[in-house]
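Step one of this worksheet: look at the structure below.
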Amino acid sequence: MTTTILVLNGPNLGRLGTREPEVYGSETLADIGAGLAASVPDDVAIDLRQTDDEAELIGWIHEAVDRRVPVVLNPAAFTHYSYALRDAAAQLKRAGVPLVEVHLSNPYTRETFRHTSVISGVATGVIAGFGADSYRLAVDWVLRSRG
Ligand code: DQA
């Protein structure tokens, strides 16, 4: 049976590669997705998506709740203020579906507004500051934890 992992990405992450490479690195999101797909076993499918739209991202979280699919989520700027996204993520927690919050950068070394995550309180865990490896570490954990 194939295990699917949803790797969801919020606003401006479609611009990786050219967006502040000194902060976020030079890999594009497609590069990150290809790296993840290449690193997982054959029975694992990486379903990587990106949107700048809060409603679309929330819809994908609802889908993950209903399908019981583990989620690796980089909420990007929504991290810091989207109570709507947090409320969606809380449904994952309640359903016992793993949610790993990831960030390329370490928000705690940056502007004060980035020091608050409204998502972390309902995430299973948080991985931040390791560039694209944050995603790889998160996927690795999801695979280790699958029963
Ligand atoms: C980010 C950190 C956020 O503060 C920022 O808004 C992003 C990317 C990261 O991956 O480091 O868009 O989530």
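Counting convention: from 1, in listed order, for ligands and their atoms alike. A quick note: this is a predicted structure, and the numbers were derived from the prediction, not measured.
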## Note on the structure
When distances are taken from atom 1 (C) of ligand 1, the protein heavy atom at minimum range is His103 ND1, 3.7 Å
### Query
Heavy atoms only: which of His80, Glu20, Arg15, His115 is nearest to atom 3 (C) of ligand 1?
His80
#### Entry: Asn9 side-chain N/O to Arg49 backbone N/O, donor-acceptor pair under 3.5 Å
yes
### Query
Would you call Lys93 and Glu101 a salt bridge, taking side-chain N to carboxylate O under 4.0 Å as the test?
no
### Query
Hey, does Val102 come in under 3.5 Å of ligand 1, counting only N/O atoms on both sides?
no
### Query
Which atoms from ligand 1 have a heavy atom of Arg19 less than 4.0 Å away?
7 (C), 12 (O)
### Query
So does Arg144 pair up with Asp140, basic N to acidic O under 4.0 Å?
yes
### Task
Determine whether any heavy atom of Asn12 lies closer than 4.0 Å to an atom of ligand 1.
no
### Message
What protein heavy atom lies closest to atom 11 (O) of ligand 1? Include the residue and the distance to one decimal.
### Response
Ser105 OG, 2.6 Å
### Pro107, portion touching ligand 1 at heavy-atom distance under 4.0 Å
neither
### Query
When you measure from the side chain of Thr51 to the backbone N and O of Gly10, does any donor-acceptor pair fall under 3.5 Å?
no
### Query
Does the side chain of Ser39 come under 3.5 Å of the side chain of Arg136 through a donor N or O and an acceptor N or O?
no
### Query
Should Leu57 and Phe78 be marked as a side-chain contact (heavy atoms from CB on, under 4.5 Å) after you check the CA-CA gap, both sets of side-chain angles, and the distance that decides it?
CA-CA 10 Å; Leu57 188 55; Phe78 292 149; 3.7 Å; yes
### Message
Tell me the contacting part of Arg114 for ligand 1: side chain, backbone, both, or neither, using a 4.0 Å heavy-atom threshold, strictly below.
### Response
side chain
### Message
Glu63 vs Val69, test: side-chain contact (heavy atoms from CB on, under 4.5 Å). Steps then yes/no.
### Response
CA-CA 8 Å; Glu63 178 189 335; Val69 177; over 6 Å; no
### Any Val71 side-chain heavy atom under 4.5 Å of Leu8 side chain
yes
### Message
Show me which atoms of ligand 1 lie under 4.0 Å from any heavy atom of Ala77.
### Response
6 (O), 12 (O)
### Query
Heavy-atom contacts under 4.0 Å between Asn74 and ligand 1: side chain, backbone, both, or neither?
side chain
### Query
Among protein heavy atoms, which lies nearest atom 9 (C) of ligand 1, and at what distance?
Leu104 N, 3.4 Å
